[in-house]
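The structure appears below as structure tokens.
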Amino acid sequence: MTTIIQDEKTPHDYGEDIQKKISTKYKTANRWFWSAFLRFPLRYLIGTILMAASTYASTKAIALIGDVIGIIQRNIEASVPIFSADFISTINWMIIYVVITFIGIGSSIYIWADTSFRVQRDMRQEFYEVIQDHSMAFFDVNDSGVLLSQGMNEINAIRMAFHPSFRNLLNSFFTIMITSALIWQYDWIIGAALASSFVFYFIIAWLYAARVGPIRRKLATDQADLSAISQEMFRGVDVVRSFDNHDKEIMKFNNKSEEYAVDMKREGYLSAFYWPTLITIVITAVAFGYGLFSVINGRYLNVGILISVVGLLLNLNRQHFMIPSHLIFLQAGLQNAKRLWNLMDFNDPLSQPENPVEADWDNDVRFNDVSFSYPGTEKEVLKNVTFSIPSGARVALIGGPGSGKSTILKLLLRLYDPSYGSIQIDGTSVDSMHTSYVRSNVTMVEQDIFLFSDTLRANIAFAKPDATDEEIKLAAERAQIATFIESLPEKYMTVIGERGVTLSGGQRQRVAIARSLLSEPKLLLLDDSTSAVDIKTELRLRYAMEELMKDRTSIVVTQRLTTLVASDLIILMKRGEVVDIGTHSELLQRCPDYQFMCQHLPMSESLGECEDVDVVAGGRK
């Protein structure tokens with residue numbers, strides 16, 4: 001019977017579609033980027049207020065320098081003590097402004113930095129969750145090394161776009177506004193000229209930043225490629241050394257590194273000759289000349305006003321020289337956000353059903369005229385595949401390389417959906433079920449074993465995180481790995497290396513089988529699961545798994561004659577098509593292709609004898 005999932009009270013919690021949630025929430029890359037201010041609005045507001053206060057205080061302190069000199073000049077001319085009440089009051093205000101500047105700048109930087117790191121944490125988590133939710137079609141076309149670089153470096157670049165870049169741009173804006181207002185008080189002509197020049201300045205500055213955008217995109221791509229090359233070399237270092245090809249790998253990395261350096265030089269050239277800054281330099285020079293003329297002609301009461309105006313303009317120029325680098329980082333953050341968003345907004349061919357259904361996995365499994373091509377390719381790896389597997393049957397898949405055996409297992413796990421046709425469980429199409437529900441009933445031991453750089457216990461319990469020690473030990477005994485684990489000093493708490501590099505091939509295989517046994521699946525898939533073990537261990541595994549396979553459907557991709565003989569059903573594949581289906585004896589009588597394959601498989605007689613005690617003891621002999 002088919003059950004429609006109607007509400008959250010069902011036994012299976014499918015959670016939210018994280019990609020749909022993020023896409024609906026932000027809609028575009030730009031909105032995702034600028035969402036930083038919506039995530040922590042109060043913190044950014046407080047940081048900005050403190051920044052504005054400190055900017056005003058620091059600018060006012062600079063302006064008071066000229067006022068002090070003006071007071072001194074007037075006191076001298078009036079023949080009164082230099083340290084008059086006005087002088088002392090002005091100095092006190094300068095000290096107060098300096099203290100406010102120190103406290104305001106420190107507090108503002110801390111709040112902006114802390115908040116920006118929180119934004120970085122949240123955006124990286126969103127990126128990781130969305131990418132993790134993509135189907136295998138996504139990972140078929142995206143290099144894992146590039147994804148790693150983007151998930152770390154490019155999100156870090158987004159954080160730097162906000163702090164220090166956007167914070168400093170905002171600080172420059174406040175400095176410009178406050179400085180223009182103060183200069184206007186001293187001389188409205190210079191103030192008006194300064195305000196009008198900034199309009200042209202920011203237009204040209206933004207056009208300049210737009211020129212930097214394509215370079216930043218290229219730099220991000222180069223950096224991701226460098227990361228991918230490095231990761232590939234480190235992961236395949238044994239192959240590189242065995243073929244003595246390290247010079248070739250070094251040259252490949254050097255070529256990409258040189259390409260990255262060339263793009264960096266282009267960006268540096270644009271920054272070095274950032275000519276919009278000349279606008280404020282010219283304004284400063286003109287203002288200084290105009291101020292001298294005004295002092296000489298008595299337009300200014302004292303030289304202090306001139307010093308205040310020039311001091312404010314010099315401080316403004318210091319801010320302007322920092323603007324190019326901040327604009328570059330801001331552009332880099334925007335470009336990186338777009339690159340990441342394109343990955344997150346991947347048009348996944350495997351979609352979750354709107355109303356997922358459940359089925360009884362203790363019934364037949366049926367392929368109905370299934371054809372399949374991997375995403376991005378036109379070649380069909382399965383062509384009109386049709387067969388039915390009775391409940392509880394032990395099925396062997398056999399065929400040459402590229403015949404589609406492993407693809408059938410991936411479709412049963414719903415790592416992909418068929419291009420045509422359907423896969424049904426108890427008459428219910430698998431693509432109408434949620435992937436998490438399918439994978440809670442199906443477990444696969446793959447040909448290429450992946451183990452985490454963690455303890456043996458954690459690797460076995462990966463299928464069932466809340467498993468007890470007794471359950472883990474029982475699974476290890478069934479997989480014939482318990483004795484080896486018990487012989488280790490740390491036993492089940494032994495940490496294995498990356499991808500289980502400290503274990504032999506057979507040991508990795510048996511740990512993976514123990515992991516699958518612990519999940520107690522309805523449908524068990526094994527892809528050459530005993531190909532990495534010796535003959536005696538294979539026999540132990542075969543006996544140990546007899547009890548597991550009772551009343552459970554199992555499909556084994558195998559090249560072992562003993563497994564074929566023990567199977568209830570054998571499906572012979574060739575170039576993506578089903579050649580024949582039947583038992584070992586039936587195919588041996590009528591199928592020439594099967595006869596040919598059997599002649600080249602390991603003979604059962606070569607397995608030798610193995611006493612039952614050897615199996616029960618967990619493989620001690």
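We count residues from 1, following the sequence as given.
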Evaluate whether atom CZ of Phe346 has more than 12 neighbouring non-hydrogen atoms of other residues, nucleotides or ligands under 6.0 angstrom away. yes
Whether over 12 other heavy atoms sit under 6.0 Å from Asn347 CG: no
Minimal non-hydrogen separation, Ser422 against Ser429, with atom names: CB-OG, 4.2 Å
Residue of the set Phe367, Tyr420, Tyr416 for which ring-ring contact (aromatic ring centres under 6.0 Å, His included) holds with Phe372: Tyr416
Yes or no on side chain to side chain contact (heavy atoms under 4.5 Å, CB included) for Gln424 and Val430, after CA distance, side-chain angles and deciding distance? CA-CA 6 Å; Gln424 295 182 345; Val430 171; over 6 Å; no
Would you confirm whether Ser403, through its side chain, and Gly576, through its main-chain N or O, come within 3.5 Å as a donor-acceptor pair? no
Who passes salt bridge (Lys or Arg N to Asp or Glu O under 4.0 Å) against Arg159, sequence neighbours left out? none
Only one of Leu382, Val579, Asp593, Thr407 clears side chain to side chain contact (heavy atoms under 4.5 Å, CB included) with Met573; which? Leu382
Would you call the rings of Phe138 and His134 parallel, tilted or perpendicular, where under 30° means parallel and over 60° means perpendicular? tilted
I would like to know whether Leu409 and Val557 meet side chain to side chain contact (heavy atoms under 4.5 Å, CB included); could you show each step before the answer? CA-CA 9 Å; Leu409 302 190; Val557 173; 3.7 Å; yes
Closest approach of Val438 and Met433, non-hydrogen atoms and distance? CG2-CB, 3.7 Å
At what distance, to the nearest 0.5 angstrom, does CG of Asn459 lie from OG1 of Thr494? 11.5 Å
Backbone of Val357 reached by a side-chain donor or acceptor of Ser432 within 3.5 Å: no
Let me see the working for Ile131 and Phe139 under side chain to side chain contact (heavy atoms under 4.5 Å, CB included), right down to the final yes or no. CA-CA 9 Å; Ile131 297 303; Phe139 297 96; 3.9 Å; yes
Okay, side chain of Asp580, backbone of Cys591: is any donor-acceptor separation there less than 3.5 Å? no
Is the number of heavy atoms from other residues, nucleotides or ligands under 6.0 Å of Lys256 NZ greater than 12? yes
Locate the shortest heavy-atom distance separating Leu456 from Val511; write the atom from each residue and the value. CD2-CG2, 4.0 Å
The single option from Leu572, Leu564, Leu561 passing side chain to side chain contact (heavy atoms under 4.5 Å, CB included) against Met597: Leu572
Provide the closest heavy-atom pair for Thr377 versus Tyr374 in the form atom of the first, atom of the second, distance. OG1-O, 2.6 Å
Applying the side chain to side chain donor-acceptor pair (under 3.5 Å) test to Ser135, which of Thr435, Asp417, Asp348 qualifies? Asp348
Option from Val442, Leu524, Leu523 for which side chain to side chain contact (heavy atoms under 4.5 Å, CB included) with Ile555 holds: Leu523
Has the side chain of Ser257 got a donor or acceptor atom that lies under 3.5 Å from a matching backbone atom of Phe253? no
Main-chain N/O of Lys338 paired to Asn342 side chain as donor or acceptor, under 3.5 Å: yes
Donor + acceptor pair across side chains of Arg515, Ser519 (<3.5 Å): no
Hey, does the side chain of Arg439 reach the backbone of His434 with a donor-acceptor pair shorter than 3.5 angstrom? no
Should the ring pair His584 and Tyr594 be called parallel, tilted or perpendicular, given that the plane angle runs from 0 to 90° and is split at 30 and 60? perpendicular
With sequence neighbours excluded, tell me which residues meet salt bridge (Lys or Arg N to Asp or Glu O under 4.0 Å) with Glu471. Lys464
Assess whether a salt bridge exists between Asp122 and Arg118, defined as any Lys/Arg side-chain N lying under 4.0 Å from an Asp/Glu carboxylate O. no
Return yes if some donor-acceptor pair links the side-chain N/O of Asp426 with the main-chain N/O of Thr428 below 3.5 Å, else return no. no
Pro521 to Ser516 - nearest heavy-atom pair and separation: CD-O, 3.7 Å
Apply the test side chain to side chain contact (heavy atoms under 4.5 Å, CB included) to residues Gln150 and Leu340: give CA-CA distance (whole Å), side-chain angles for both, the deciding distance (0.1 Å), then the verdict. CA-CA 7 Å; Gln150 291 176 314; Leu340 294 174; 3.7 Å; yes
Is Asp362 salt-bridged to Arg552, going by a charged N under 4.0 Å from an acidic O? no
Can you tell me if Arg590 has over 12 outside heavy atoms packed within less than 6.0 Å of its CZ? yes
Assess whether a salt bridge exists between Glu577 and Lys405, defined as any Lys/Arg side-chain N lying under 4.0 Å from an Asp/Glu carboxylate O. no
Polar side-chain atom of Gln480 near backbone of Glu477 as donor-acceptor pair, under 3.5 Å: yes
Donor-acceptor under 3.5 Å (Gln559 side chain, Gly399 main chain): yes
Atom CZ in Phe127, atom CD in Gln132: separation rounded to 0.5 Å? 11.5 Å
Where Ile425 and Ala359 come nearest, the two heavy atoms and their spacing: O-CB, 3.6 Å
Begin from the C-alpha positions of Glu520 and Arg478 and carry the test salt bridge (Lys or Arg N to Asp or Glu O under 4.0 Å) through to its verdict. CA-CA 12 Å; Glu520 292 291 338; Arg478 288 179 175 177; 3.6 Å; yes
Salt bridge check, Lys473 against Glu470: does any charged N sit closer than 4.0 Å to a carboxylate O? no
Would you say NZ of Lys491 has more than 12 non-hydrogen atoms from neighbouring residues, nucleotides or ligands within 6.0 angstrom? yes
